[in-house]
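Presented below is the structure to which this report refers.
Heavy atoms only: backbone and side chains are in, while hydrogens, waters and symmetry mates are out. Numbers here simply count residues along the sequence, with the first being 1.
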Amino acid sequence: MQCDEARFIKRKIRAGAIDVHPTETALVVSYQLEAFILGELGDPMLGDKKECQKIIRLKSLNPDTDCAALAKEVVEKCSLIHSSKIAEVEHLIYYLQNRKENPFNDRVESPLQGSIYSGTESPSSIEMIGNASAERATIANIESYVELLYEDMAEKVRGSGLILELAKDPNNLEDLAKNESLLSALSRVLREDWRKSMELSTNIVYVFFCFSTFSQFHSLVLQYKIGSLCMEIVDFELKRYEQWKADLESCRGQYEPNNGIPRSEDSIKNNIPPSQVAEHRRSGAFGHSHIPVSRRHNDPSPSPSGGDEDSKKKRHSLLAPGEILKRHVEAATSSGDGGKRNSMVKSPSYGMVRSPSTDDGRRSANSMSVSRTMTDSCGSVGSMENEPRKDSGTKQREEFDKTARKFRTLIKKQDQLLRVCIYLLLNIAENQRVEDKMRKKNVVGVLTKTLERTTPELLVLAVTFLKKLSLFKENKDVMAELNIIDKLQRVLQMGNAELDHVTLKLLFNLSFDTRLRERMVRAGYLPKLVGMLSEKQHQSTVLKILYNLSMDDRVKSMFTYTDCVNAVVGMALEHGKDQVDLVVVALAINLALNKRNAEIMVEGGRLQLLMDQAFRNLDSLLMKVVRNISQHDSCKLLFVEFIGDLAKVLTQCTDKEFLLECLGVMANLTLPDLDYSQVLQQFRLIPWLRAHLVPGKSEDDLVLEVVMLLGTVAADENCASVLCKADLLLSLIELLKAKQEDDEMVLQIVFVFYQMARHHLTREYLIKETEAPAYLIDLMHDKNSEIRKLCDACLDVIKECNEDWASRIKLEKFRWHNSQWLEMVESQALDTSGYGQLGDDGDPLPAFLSSDMLTHSLLFPAGSHVSLDDLDDIEIVSNNTLSDGESRPGSRDGALDEFGSPKKNPKVNTNGTFNNMIITTGD
C-alpha cells in the first residue's frame, strides 16, 4: 500500500545560498524542499514548500588545511551544492580558516547597557543572575536547552540562562523567533513558575526583552502575553517588598538593644520604654511574653491544606516577625537549595511552594549563603537561655544584621527583575493600543509606587515610562491623584545626574497643569530648580519649567527671593549679537510683569545694556521685556534718556514688530514732567500719527498702540492743544465709526476723549467742534462695563461745563433707566381695545414720553440694561492734570483671565498690554 502511495508523491529540492555558521566551524547550506501529491494522470493536485538548512561541519579544518582541496571534497560529498560553486565554497572555507576562534561565543554585551534611555538602550547594565554556569551557549544546542526547561528548578534556571546568552546576540533573534517550541516552553515556564524563583523569572523576561528591543518582534511578545505577565510580576514584587520591609522593621523593633535585653512583642505593642522592660518583666506585666518564641507551647494543628482558619491564625500569631522574614528569604532562594529533599516551604506571600530537588553540586552560591545564615536569625532565643542576657542580645543583634544583609541582597535581585519587566513594557508601549491596555491595568499606579525604591537605574526606567505616559490627560490626572509631585521631590534629592535629567522632563510635562504647578510651588521646587540653572545639562529643561511656573502672578513674586532674575538677565545679555534664546526671553517677559522683578532687572545700569542689545539686533522679544519694565512707576524715570531713540524708531524703523514694542514703551511713559509736545514737533510725529489713524491703512495692533500713545501725550495740556489743531480728534471719530465692534479700540479712543475733556483749552473744542459728546452718550449704555464707566466719567466732566449737554445727558439717563416702563405706557396708550376711543381733544403725551425719544441711537446698538445702582460705581475723576496715568483703562471688559491678567477681545489680536507670553517647546 505504501508503494502504491509512493507513486503519487513527488519531491523536488531547490538549492539555495551557502553561508558560514555564526558560531561553529561549519557551512550552512540553505535549500527549499517541495512535495507534491500527483493524480492518476501525473498532474499535481496538492503541494507544499519548506525552507530547510543543512550544516556541514568541517572538523578537519585547521591553519594548514588546503582550502581548494577541502572545497572540492565538500562539493563532491554534498549533493545540494552544484559543482559550479566550488570557488564560492573555497572562499567561505578560507574565511572560516582565518576567522577568530568562536567570535560569537564570547560574552556579548548586554543590550540593556547604555547611559541614557534612547529607544532600545537601557540606562545601565544589568548583572544577570543566571550566569553561574561557565558553559557557553551555542545555537546548535538549542533543543537541549529547551529540554532543560522541563527539568527541576535548577535545570530550568540553567537552561533559561543559556537561552538568554543566545538571545543577547541580535543575529540569533530571527532563528529563535522561528522556534515555536522554544517560545512556548519559555512562556509556559514563566506563567507557571514565576512566583517560585526570581532568577528564573529574570532570565525568561530578559529573553523576551531582547525581542522587544526590535519593533518587528513586538507581535511575538504580545502573542505569548508576556506584557500581561510582566504587569502581574511587577505588582506582586512591589507588594512582597512592602511585606518584607514591614517584617524587617518589626524584627528591628523587637530586638533593639536595650542593655542587652531584647524588647518583647508586648513591650512594642504597649509602647513600653526600653528602660522599663526589665521592671515589667519582673512584675509579670507581660504575662508569658518573656518565654522564648521557640519554647512556647504550640498545640498540634492540622496540615495547612486542611486546617481551619482559627488554627491558621493561631499558628501565625506564634511566629516572630524575624521568622516570617526568614521564611520569605528561604522561599525566594529555594531554587538553589541542594540535597535530595522534597519538602514544603511555607511562606505568607507564596502559599505552599515545593522546594526543588537538586544535587549538592548544583547548589547556587547565593542559596548556600542564605541557608547557612538563616538559622533562627530573629525568631528564637531558646538556645541561649544559659548565657547572660547581654550576650544573648548582642548575638541576636548580629544575627539580625545578617538577616538585614540578606534582605538587601534579595532587594537587589528584585530590582533587577523589576527593571527588565518595566523595560519590556516600555518597549512594547510604542503601540498606542497596548499602552491603553496598560493604563487600564493601572500601570501609572505601579510605576508611581516604584518611585519609592532607591536603585537609580530602576528609577530612571520608571520615570522615563511615566514621562511617556504623562503626555495623555488621563494618565496625568492619575499621577496627580497619587501625589506624584511629592514623590519626585525625593527622587531629585538623590543626586544622580541621569535620574535628574529624566525627572525634570517629567516635571516639565506635568507643569502644564495648573493644580500640579501649585503643588510644585508648595513643595518647594522653585529654589531647587533655580539652583539647577547652573548645570548646563539641565538648564534648558529647568528654564521651561520655570517659565510655566511664572505664568501664575503669585509665583512671579516668589522669584524675587531667588537668584533667578539675575541669572535670566545674565543669559539674555551674554548672547551679544545673536538673538536671545526663546525660552530665556519668554521667562524674562513674564518676570518683568512683577514690580520687584523689574527693579532687579534694571539694577546696576542693566537697562542701558538691554536697550543697546535690543536696538543693535532689532530684537522685538527683548524689547518686549523692556516694555513690561516700563509699565512700573518706579522704573519709568529711567526711560527719559531713551525717549529720543524711541521716537526716532517710529519714523525710521521698518521692522513692524520692533516698532510696535517701541511704541508701547512710549505709551507707558506717563510722566508729568516730560514735554511730549516738544517730542512730537522735534521728530515730526504728527503726520506719522495721522497717517496711521486712517481706517484700514495699518494693522489693528499698530493702530491700537498709536491710540494709546495719543492717550498718554494728551495728558499734557500743550500737547493736547497740538493734537486738536492737527484735527486728530476728527480722525479718532472716524476710526471709532469703523472699529465700533472692537472693544479695546473703543475703550482707548474714549480715554483720549476723556483726557481732552480734562483740559480747559481742549474741552470747548471737544464739545463744540466735534461729535464726541453724542458718541459718548451712545456708548454710555455699552455692554462693556469698562467702556460704560469711562463714558460716564467723561460725561460728568462735560455736564459741569455745558448746561445744554447736561440736560441731554440727564434726559438720556432717565429715558434709559425707565425705557421698559415708557414702552409699556406708550403701548397701552395706543391700544384702544381696552380703554375705548380717544377723544379728538385728548391730551397728547408729554415730550419725554414721545416715541421719537424712545428710539435708540443710530450709531450703536443698545446693550444690556443698566440699573441706577451702577451710577454709584462711576469713578469720579478730578480735573487735575493726569500725573501717573492712573486713569488709563487696563482692560476692555474689566474681567481677568485665569492668570490674573486682563482678557483680550478675540476679534482682534493686539499687543496693548503684555501679559503672559505663552510658548510651547518640545524635546
Side-chain angles (χ1 to χ4, degrees), residues 667-672 676 689 693 703-724 727-737 739-740 742-782 784-802 805-806 808-809 812-813 859-860 866 870-871 873-894 902 912-913:
N668 285 336
L669 301 182
T670 53
L671 300 173
Y676 268 110
L689 294 173
L693 289 177
V703 175
L704 179 62
E705 295 300 328
V706 170
V707 175
M708 293 178 66
L709 178 60
L710 291 177
T712 300
V713 301
D716 181 58
E717 190 170 3
N718 294 330
C719 190
S721 300
V722 172
L723 297 180
C724 291
D727 294 332
L728 286 179
L729 288 183
L730 300 180
S731 300
L732 288 175
I733 292 176
E734 294 299 323
L735 182 64
L736 180 63
K737 295 178 182 178
K739 300 293 183 181
Q740 56 181 305
D742 187 348
D743 285 357
E744 182 67 22
M745 190 75 70
V746 172
L747 182 64
Q748 298 301 334
I749 292 175
V750 172
F751 181 71
V752 177
F753 293 161
Y754 171 74
Q755 293 285 59
M756 294 291 184
R758 296 172 67 247
H759 306 303
H760 177 72
L761 295 178
T762 56
R763 187 185 304 126
E764 294 298 325
Y765 177 84
L766 178 70
I767 296 174
K768 297 181 180 180
E769 303 296 332
T770 66
E771 300 176 353
Y775 285 92
L776 292 174
I777 291 177
D778 292 327
L779 292 171
M780 186 172 57
H781 311 300
D782 191 86
N784 190 303
S785 60
E786 292 297 317
I787 294 178
R788 293 198 304 268
K789 290 180 180 180
L790 193 57
C791 286
D792 289 341
C794 188
L795 290 174
D796 288 342
V797 177
I798 294 175
K799 284 194 301 183
E800 297 178 1
C801 305
N802 191 295
W805 279 106
R808 291 183 60 181
I809 293 170
E812 175 63 20
K813 287 185 177 181
L859 292 176
F860 301 99
V866 181
D870 293 339
L871 300 178
D873 296 333
I874 296 178
E875 182 181 2
I876 304 300
V877 183
S878 63
N879 289 331
N880 297 332
T881 305
L882 185 65
S883 59
D884 295 327
E886 295 176 353
S887 299
R888 172 178 290 282
S891 171
R892 282 180 257 174
D893 54 7
T913 54

Under a 3.5 Å distance rule, please check whether [X] uses its side chain to pair with a backbone N or O of [Y] as donor and acceptor.
X      : Y      : value
Ser731 : Leu693 : no
Arg788 : Asp782 : yes
His759 : Ala714 : yes
Gln748 : Met708 : no
Asn802 : Trp805 : yes

NZ/NE/NH1/NH2 to OD/OE distance under 4.0 Å, Lys789 and Asp792: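 Between Asp792 and Lys789 there is no salt bridge, as every charged N stays at least 4.0 Å from the carboxylate O atoms.
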Looking only at non-hydrogen atoms, find the nearest pair between [X] and [Y] and report the distance.
X      : Y      : result
Val703 : Leu735 : CG1-CD2, 3.7 Å
Pro773 : Leu795 : O-CD2, 4.2 Å
Val746 : Leu779 : CG1-CD1, 4.0 Å
Ala772 : Leu766 : CB-CD1, 3.4 Å

Could you go through the side chain to side chain contact (heavy atoms under 4.5 Å, CB included) check for Thr770 and Tyr775 one step at a time? CA-CA 10 Å; Thr770 66; Tyr775 285 92; over 6 Å; no
Can you sort out the partners of Glu769 under salt bridge (charged side-chain N to carboxylate O under 4.0 Å, His left out), two or more places apart, ordered by chain and number?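 Glu769 satisfies salt bridge (charged side-chain N to carboxylate O under 4.0 Å, His left out) with no other residue.
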Separation between CG of Asn718 and CG of Leu761, rounded to the nearest 0.5 Å: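 Asn718 CG to Leu761 CG: 8.0 Å, rounded to 0.5 Å.
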So, taking the atom named CG in Leu710 and the one named CE in Met756, what distance separates them when rounded to the nearest 0.5 Å?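 One gets 7.5 Å once the value is rounded to the nearest 0.5 Å.
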Do Glu717 and His760 have side-chain N/O donor and acceptor atoms under 3.5 Å apart?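 Side-chain D/A pair, Glu717 to His760: absent.
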